[in-house]
Amino acid sequence: MAFRAVKGMNDILPNASGRWQRLEATFRRHADLHGFEEVRVPILEHTELFVRSIGEVTDIVEKEMYSFVHRDEALTLRPEGTAGVARALVEHKLYATAPVTRWYYLGPMFRAERPQRGRLRQFHQAGCEIFGDPGPACDAELISMIVDLLTDLGVAELEVAINSLGGPGTRARYRQALLGYLAPRAGELSDTARARLEANPLRILDSKHPRDVEVCAAAPSILDVLDAEDRAHFDGLRAALDALGTPYAVEPRLVRGLDYYTHTSFEIRSRAGELGSQNTLAGGGRYDAMVAELGGPGTPAIGFAMGLERILLALPEPAPSPRRGCFLAPMGQAATSRALGLARELRAAGVRAELDARGGSLRSLLRRADGSGARVCIVLGDAELGRGVAQVKDLELHAQEDVPLPEVVAHAAALTGSAAEAAS
RNA sequence: GUGGGUGUAGCUCAGUGGUAGAGCACUGGAUUGUGGCUCCAGGUGUCGCGGGUUCAAUUCCCGUCACUCACCCCA
């Protein structure tokens with residue numbers, strides 16, 4: 001094998017693309033139902049955009065971005081979707097057009113991490129962003145939408161975790177409190193956690209390292225230092241989730257790795273399917289400061305992204321797809337000529353039609369027809385041509401009949417059920 | 001980036017210090033034109049790559065690469 005795909009960047013072959021299409025269609029439907037419209041932004045952005053929005057000392061920016069300089073321009077393959085979408089909002093001044101903007105996006109993201117189950121270097125996210133609504137009702141609606149969407153798809157064993165990171169003042173205050181607790185215990189922390197002590201102590205809270213978990217168990221909770229406004233928002237979120245009937249768990253140590261979150265942050269996880277330890281299906285939160293940071297007016301915002309590969313891993317095995325369309329099996333030169341025209345007519349009538357002109361015995365032709373997944377096989381040999389008919393076989397019902405050539409299209413359309421779809 | 005596991009047919013895997021197998025898949029056939037089940041037949045492998053030990057390596061040793069799981073991180 002001379003060439004391989006780049007590590008961590010997988011092909012999605014036709015045997016899987018059907019599942020992707022269903023997943024994407026379901027996401028689009030739910031997003032549309034909630035009033036979101038699709039926005040498509042570039043995969044490549046100026047490196048500085050991600051540094052500014054995601055945060056300089058985050059792992060993503062420090063070591064996971066595909067960055068390069070091209071003709072004096074520092075560019076980066078997007079590691080997440082929110083920054084580009086927020087940039088587009090500001091660049092086109094769309095905050096001035098409507099008080100609230102609801103956008104969704106879909107597409108590949110890139111992070112240079114070591115691949116493992118549920119973690120790729122090129123992976124796909126679908127996400128929604130709401131600009132201009134300070135919440136917390138819309139925060140809850142977003143979370144409930146994800147739960148509905150995943151449930152609709154068939155993902156089992158969902159759990160919702162929520163937390164509040166408070167506003168900027170709260171965050172600074174909590175940072176000090178946490179540092180006050182952790183610094184004296186630095187010796188008990190893991191190496192990575194200790195290294196993070198100065199730069200980003202909050203991140204130590206969601207370490208999975210047993211030592212860190214133990215140390216953090218008794219750490220002060222951010223929920224205890226929320227100010228009145230933060231608390232009102234968080235209480236409002238909980239009340240709205242209760243009103244929606246969406247179960248959740250409060251996790252005071254839920255921090256997440258992007259610096260831009262304020263107030264609400266959340267994660268949706270599952271233990272279902274073939275998910276490994278990477279079991280966060282969707283995550284998000286409020287980022288009230290980002291739009292201003294990118295040069296726009298102060299605009300509250302919230303959003304989430306979900307990992308499509310992970311959702312696919314969590315999904316149960318799909319039912320085998322039903323037989324559909326026609327397989328044309330001509331035998332001989334004259335029959336092939338006739339079949340060519342027939343196939344074109346079928347397609348014009350909205351019937352999926354596959355022509356196999358390779359010839360062979362009728363047995364092998366039928367085997368191929370069967371293997372193709374077609375509902376109907378149209379056999380056209382010298383005997384049929386001589387009588388002006390085609391043999392139309394229903395591969396599912398094991399029924400067959402000779403049909404006069406002019407009626408074959410209508411007959412096949414009826415059998416495959418394609419006519420109605422084509423007409424509507 | 002750190003640690004563990006695994007690399008044999010298209011796929012899933014077995015196997016042995018003496019140059020390799022099964023199942024599935026694929027293709028063809030089973031009274032000269034009838035699919036799925038059944039039966040028969042058919043083929044491919046640099047045994048990941050490089051080096052070492054040995055009369056002899058797919059098997060043992062070292063290195064390397066790839067894949068994979070976990071940490072880390074996050075979707």
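Excluded from the calculations below are hydrogen atoms, water molecules and symmetry mates; all remaining heavy atoms, backbone and side chain alike, are included. Within every chain, numbering begins at 1; the chains are lettered A, B, ... in the order of the sequence lines, protein sequences first and strands thereafter.
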[N] versus [M] - spacing of their [atom1] atoms, nearest Å:
N      : M      : atom1 : answer
C69(B) : G63(B) : C1'   : 23 Å
C62(B) : C67(B) : P     : 23 Å
A14(B) : C55(B) : C1'   : 29 Å
C61(B) : G45(B) : P     : 28 Å
C40(B) : C47(B) : P     : 31 Å
U59(B) : U8(B)  : C1'   : 11 Å
U12(B) : G51(B) : C1'   : 31 Å
G4(B)  : G42(B) : P     : 46 Å

task: Report the nucleotide, chosen from G35(B), C72(B), C74(B), that has the shortest atom-to-atom distance to any side-chain atom of Arg323(A).
output: G35(B)
message: By nearest atom, which of the nucleotides C74(B), U34(B), A30(B) is closest to the Arg367(A) side chain?
response: A30(B)
Could you state the [atom1]-[atom2] distance from [X] to [N], rounded to the nearest angstrom?
X         : N      : atom1 : atom2 : answer
Arg111(A) : C72(B) : CZ    : P     : 16 Å
Gln391(A) : U34(B) : CD    : P     : 10 Å
Arg253(A) : C74(B) : CZ    : P     : 16 Å
Asp402(A) : G33(B) : CG    : P     : 17 Å
Arg363(A) : A41(B) : CZ    : P     : 16 Å
Phe266(A) : C74(B) : CZ    : P     : 16 Å
Arg121(A) : U68(B) : CZ    : C1'   : 14 Å

- request: For the residue pair His34(A) and Phe36(A), categorise the inter-ring angle as parallel (less than 30°), tilted (30 to 60°) or perpendicular (more than 60°).
  value: tilted
message: Using 30° and 60° as the class boundaries, would you call the ring planes of Phe266(A) and Phe304(A) parallel, tilted or perpendicular?
response: tilted
message: Do Arg119(A) and Phe123(A) form a cation-pi contact, if we require the NZ or CZ to be under 6.0 Å from the six-membered ring centre and within 45 degrees of the ring's axis?
response: no
Within less than 4.0 Å of OP1 or OP2 of [N], is there a side-chain N or O belonging to [X]?
X         : N      : result
Lys7(A)   : C67(B) : yes
Ser361(A) : U34(B) : no
Thr280(A) : C74(B) : no

query: Base, sugar-phosphate, or nothing for Gln400(A), non-hydrogen atoms under 4.0 angstrom?
result: base
task: Check every strand shown and say whether Leu281(A) touches a base, only sugar-phosphate, or nothing at a heavy-atom separation below 4.0 Å.
output: sugar-phosphate
field: Strand RNA chain B as a dot-bracket string - pairs counted if Watson-Crick or G-U with both distances under 3.5 Å, | where the partner lies in another strand
entry: (((((((..((((....[..)))).(((((.......))))).....(((((..]....))))))))))))....
task: Check if the side chain of Glu384(A) and the base of G33(B) share a donor-acceptor pair of N or O atoms closer than 3.5 Å.
output: yes
task: Could you walk me through whether Arg78(A) and Glu45(A) pass salt bridge (charged side-chain N to carboxylate O under 4.0 Å, His left out), step by step?
output: CA-CA 7 Å; Arg78(A) 65 180 185 194; Glu45(A) 296 274 1; over 6 Å; no
task: Find which nucleotide of RNA chain B each of Tyr261(A) and Ala399(A) is nearest to by heavy atoms, and output the residue with the more 5' nucleotide.
output: Ala399(A)
query: Would Asp370(A) and Arg323(A) pass as an ion pair if we require N to O under 4.0 Å?
result: yes
message: Under the side chain to side chain contact (heavy atoms under 4.5 Å, CB included) test against Phe131(A), which residue among Val100(A), Val90(A), Leu94(A), Val291(A) passes?
response: Val291(A)
Check: protein-nucleotides 69-71 of chain B nitrogen or oxygen pairs below 3.5 Å:
unit_1 : atom_1 : unit_2    : atom_2 : d
C69(B) : OP1    : Arg117(A) : N      : 3.4
C69(B) : OP1    : Arg117(A) : NE     : 3.1
C69(B) : OP2    : Arg117(A) : N      : 2.6
A70(B) : OP1    : Ser277(A) : N      : 2.8
A70(B) : OP2    : Gln116(A) : NE2    : 2.8
C71(B) : OP2    : Ser277(A) : OG     : 2.7
C71(B) : N4     : Arg119(A) : NH2    : 3.1

query: Is it true that the side chains of Tyr287(A) and Glu129(A) contain a donor and an acceptor less than 3.5 Å apart?
result: yes
